[in-house]
Amino acid sequence: MPGAGLVLAGVGYRYAGASAAALVSIDLRLEPGRVVGLAGANESGKSTLCLVVAGLAPGVIGGRLDGSVRVDGVETKAMRPHELAQRCGLLFQNAATQLSGTTSTVFEEIAFGPCNLGLPGAEVVSRVWWALRAAGIEPLAPRDPARLSGGQAQLVALASVLALRPGYLVLDEPTSELDPAGTRLVADALARIARETGAGILVVEHKTDVLAQIADEVVVLERGAVALSGPAAATLADPRLLALGVEPPAAVRLERAVRASGIEWSQALAEAIG
Amino acid sequence: MIPADEEALLPAYVRRILAGGYRSLNPLTKATLAAVSAIVAFGVRGWTGPAVVLAVVLSSALVAGVLRRMAPFALATLPLVASILLVNTFLYPNAHDVIANLGPLSPTWTGATAALQATLRVVAFGLSAALFALTTPIDDLLGELERRGVGRRGSFIVGSALGAIPRTVERAREVVDAQRSRGMDTEGRLWRRFRGLVPLIGPVLFGALAEVEERTMALEARAFTAPGRRTILRALPDSGWQRAARWLLLVGSIAAVVVSLAGVVKLP
């Protein structure tokens, strides 16, 4: 059923040997071309949800999955990891462990996935150039992957996942180890990828300013369950956010501070502040 | 391996052919040279074996332009070399040609000669391995192994093991810095330095294990376990004479060891 999106229905997950469930009754839908932000305190289940959506839990790491995870109508349980990698790409926090460590140039690093699929050479080359353009890192192609900045390495890891042409991307805190410049690079690339490639993106992010910039919807997890969800602007302005361990974006905090000081908050003021 | 017309689509920095006589050899030829160096350095009696290996390795390094970069590898053999020199010079069994009496210790000429010979073997082997590592990119070696039918898992294990060495060294350095910032003394006497190593073991070992799990998942996310043969982007130069040379070198080195051990030819 193509075009059905990435759909989680009543998903629960328990790690092998764990007494408590890491995820409880999660319902979530990701449409192509949309960006869904995932926030929550540490240990709230965000990274686990990423592994479940990408099929690595329980596919690779074991554990028990309840409910249904479907990618374009196909149950992830029915797919092998390499098949799932072509439908739903996963980017981890640490770019250093995501790169193969066995290539001499960024071009070859990005070609690693397509080469694993045994694609014809011309197709591999075409995919690599496409992924480099999509991530906005064409000038990095000849560089040694081991000698990149954190932001550049994360973008190379992102392009490496994109080269498998997945319809959906799951990104686990892609900016957590980056400085403001690196964060801006990655956030701009994600917004461009969602807009230009039509990929659906599920992004875990502590930096709510990034979510405010790129997400259409935001889901907040607490103890493995959905505590808040809805359009990004409304969810990120929800007064319960702080109690859930998530700091609201700077714009929301500023608005609250202005209101608290007795100054009338208007649309014109918001636009003037930017 | 992709056809020649598709290979032409690759950028020049991917199609790269390593320049220089030694560098441009096929990775298997370089691996064979390293293996033969080990066989000859340790298998041929006397000074001839290790001396020939050392001469060939140093001249190849000069041609390949990596002579200076081999210095750290030579330094890395120092602890082993020091122990060989001490043990052989002072404790060589049944040697009576004493150089001098130093209290309870009596270094002997026989022991010193054996020590120098063993040192030459270790250094020759160490430098031949260094020459191979410095002139052979990991991906070239992996591509060549896969082209020869070694499974992608097997070849990746070789490559990632080689790649893991600098990462582990880097992590060890970070842990040492962290321990120092917490007041641990890792400088000075040998015993202090050794004590400083103990707290390294846990973080480095567990860090490496955690990294293995993350890497495994990352590889799965990049279709590493897809069935069938991987695409190999570029062919590395190989030729009839290199194939013949590999076999000749292997057979020749084994023959040299046999002749040397049998005492058929007296070598210095």
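Basis for what follows: all heavy atoms, side chains included, without hydrogens, waters or symmetry-related copies. Letters go in sequence order (proteins before strands), and every chain restarts at 1. Worth saying up front: this structure is predicted, and the values here are computed from it rather than measured.
Classified by interplanar angle (parallel below 30°, tilted 30° to 60°, perpendicular above 60°), the ring pair Phe112(A)/Phe224(B) is parallel.
Contact annotation for Ala163(A): neither backbone nor side-chain heavy atoms come within less than 4.5 Å of a heavy atom of chain B. Only the side chain of Ile61(A) comes within contact range of chain B, with heavy atoms under 4.5 Å apart. Only the side chain of Thr105(A) comes within less than 4.5 Å of a heavy atom of chain B; its backbone N, CA, C and O stay farther away. For chain B, the nearby part of Leu51(A) is the side chain; its heavy atoms alone come within less than 4.5 Å. Contacts of Val161(A) with chain B are absent, with no heavy-atom separation under 4.5 Å from either backbone or side chain.
Ranked by heavy-atom pairs under 4.5 Å with chain B, the first of Pro166(A), Ala141(A), Ala157(A) is Ala141(A). Note on Cys115(A), Ser126(A), Gly55(A), Ala85(A): by heavy-atom pairs under 4.5 Å with chain B, the leading option is Cys115(A). Most heavy-atom pairs under 4.5 Å with chain A: of the set Gly228(B), Ala218(B), Ala221(B), Ala223(B), this distinction falls to Ala223(B).
Side-chain polar atoms of Thr97(A) and Arg215(B) form no donor-acceptor pair below 3.5 angstrom. A donor-acceptor pair shorter than 3.5 Å can be found between the side chains of Ser68(A) and Glu75(A). At a cut-off of 3.5 Å, with distance as the only test, no side-chain donor of Glu109(A) or Ser160(A) sits close to an acceptor on the other residue.
Asp140(B) has no carboxylate O lying under 4.0 Å from a charged side-chain N of Lys30(B), or vice versa, which leaves the two without a salt bridge. Between Asp172(A) and Lys46(A) no salt bridge is recorded (no basic side-chain N to carboxylate O distance below 4.0 Å).
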